[in-house]
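These figures come from a predicted structure and were not determined experimentally. A note on names: the letters A, B, ... follow the listed sequences, proteins ahead of strands, and every chain is numbered from 1.
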Amino acid sequence: MRKRHRHLDFEVNLIPFIDLLSTCICFLLLTAVWINIGAMNVKQAVGGQAVEESTEKKPTMWVLMRETGDLAIDTKDASIAANLQHLTIPAENGKPNLAKLGEALTQIRSLDARVVTALVQPAAASFYEDIIAIMDEVKRVGFVDLGVAPL
Amino acid sequence: MVNQGILKDTTFHSVIAEYSILRPEAERHKRKITEELLLTALIDAFSILVIFLLMNFSSTGDIIYLEKGMELPKAAKSDVLDLNPVIKIDQGKIFLENKEVNVDELTAALIDLKTKYKEIHPGKEAPVALTIQGDRRLKYEFLNGIVLASSQAGYSDIKFAVVMK
């Protein structure tokens with residue numbers, strides 16, 4: 001009687017696996033998005049909602065962008081020192097100084113954590129990228145509600 | 001045919017079988033005409049590629065289409081882009097859902113868009129958010145008209161499209 005040899009070592013057929021991986025790679029390469037696009041969510045700052053007289057005034061911070069790149073920060077209805085309520089941050093090479101803005105906003109937030117609403121008032125000549133950079137910095141510091149005011 | 005002649009000793013060798021502890025075949029074959037491809041390394045490379053591409057996969061890529069030469073501003077603290085009506089500003093022209101409109105007609109076009117939405121989806125509230133897609137070098141005096149028009153048409157939530165840092 002012929003003795004049957006059972007192979008204890010066997011090889012997995014890798015060809016279907018390679019086929020599957022190749023198909024996956026082709027599909028993913030075709031549908032790949034190389035630039036991740038997000039959204040900076042803002043609200044219309046003025047005239048969006050009807051004003052209710054009984055509503056308690058929320059502390060609000062305004063960032064006014066000057067055409068020179070200077071920034072003026074006005075904080076209203078917040079319990080912070082008077083010298084911090086009106087700040088001016090000079091421009092750096094004609095661009096808004098984001099580092100100084102970040103420092104000032106952190107100081108305001110550390111004194112009154114209720115200040116979570118920030119409204120940006122750009123000038124007519126303000127660049128879109130500068131407006132977004134300021135909003136990004138404001139969000140980074142911890143402001144939740146962002147608004148943009150029309151001219 | 002393969003079991004007889006020179007091919008028997010020269011072709012179809014398995015790499016695993018050659019180094020098997022139980023039945024090593026490595027000693028038997030002295031010469032090889034054809035070499036077997038080592039598929040493990042290929043599968044490793046393919047797997048790494050698939051993982052990398054899966055990590056980069058994004059389902060929101062087709063919401064907006066970037067024209068050549070258009071550079072979106074960059075932001076680190078951005079949110080996920082949702083499917084909303086898109087206002088695109090390209091070379092001084094305004095496009096609402098890829099249809100060119102004048103800034104003076106934008107409010108009417110946005111209200112019309114809301115009306116159409118309500119006709120298609122009866123009983124549902126029309127969206128109040130829209131996406132603005134513009135080049136980073138735009139000036140606000142140009143954007144101002146769009147912001148005002150969207151507000152007048154009842155779109156209170158504005159989403160500026162940005163590139164995530």
Check side-chain contact (heavy atoms from CB on, under 4.5 Å) between A/Asp70 and all other residues, then give those that pass, not counting sequence neighbours.
A/Arg66, A/Thr68, A/Pro90, A/Ala91
Applying side chain to side chain contact (heavy atoms under 4.5 Å, CB included), run through B/Thr131 and B/Ile158 and close with a yes or a no.
CA-CA 6 Å; B/Thr131 305; B/Ile158 300 165; over 6 Å; no
Examine B/Ile111 and B/Leu113 and state if one hydrophobic cluster contains both, with Ile, Leu, Val, Met, Phe, Trp and Tyr joined whenever side-chain heavy atoms are less than 4.5 Å apart.
no
Region of B/Phe52 that comes under 4.5 Å of a non-hydrogen atom in chain A
side chain
A/Met65, part contacting chain B, at a heavy-atom distance under 4.5 Å
neither
Which answer fits A/Ile18, side chain, backbone, both or neither, if we ask what part of it has an atom under 4.5 Å from a heavy atom of chain B?
both
Residue from B/Val163, B/Leu49, B/Ile43, B/Val147 scoring the most non-hydrogen pairs under 4.5 Å with chain A is B/Ile43
Can you say whether A/Ile25 sits under 4.5 Å from chain B via the side chain, the backbone, both, or neither, judging by heavy atoms?
both
With a 4.0 Å cut-off on N to O distance, would you call B/Lys77 and A/Glu137 a salt bridge?
no
Answer with side chain, backbone, both or neither: which region of B/Lys74 has an atom nearer than 4.5 Å to a non-hydrogen atom of chain A?
backbone
Atom group of B/Leu138 that falls short of 4.5 Å from chain A, counting heavy atoms
both
Cut-off 4.5 Å, heavy atoms of chain B, and the answer for A/Leu29 is both
Would you call B/Lys116 and B/Asp112 a salt bridge, taking side-chain N to carboxylate O under 4.0 Å as the test?
yes
Suppose the criterion is ring pair (Phe, Tyr, Trp, His ring centres under 6.0 Å): which pairs have a residue in residues 107-144 of chain A, not counting sequence neighbours?
A/Tyr128-B/Phe160
Name the member of B/Arg137, B/Glu141, B/Gln152 that forms the most heavy-atom pairs with chain A at distances under 4.5 Å.
B/Glu141
Basic-acidic side-chain contact under 4.0 Å: A/Glu129, A/Lys95
yes
Counting heavy-atom pairs closer than 4.5 Å to chain A, which one of B/Val162, B/Leu53, B/Leu66 comes out on top?
B/Val162
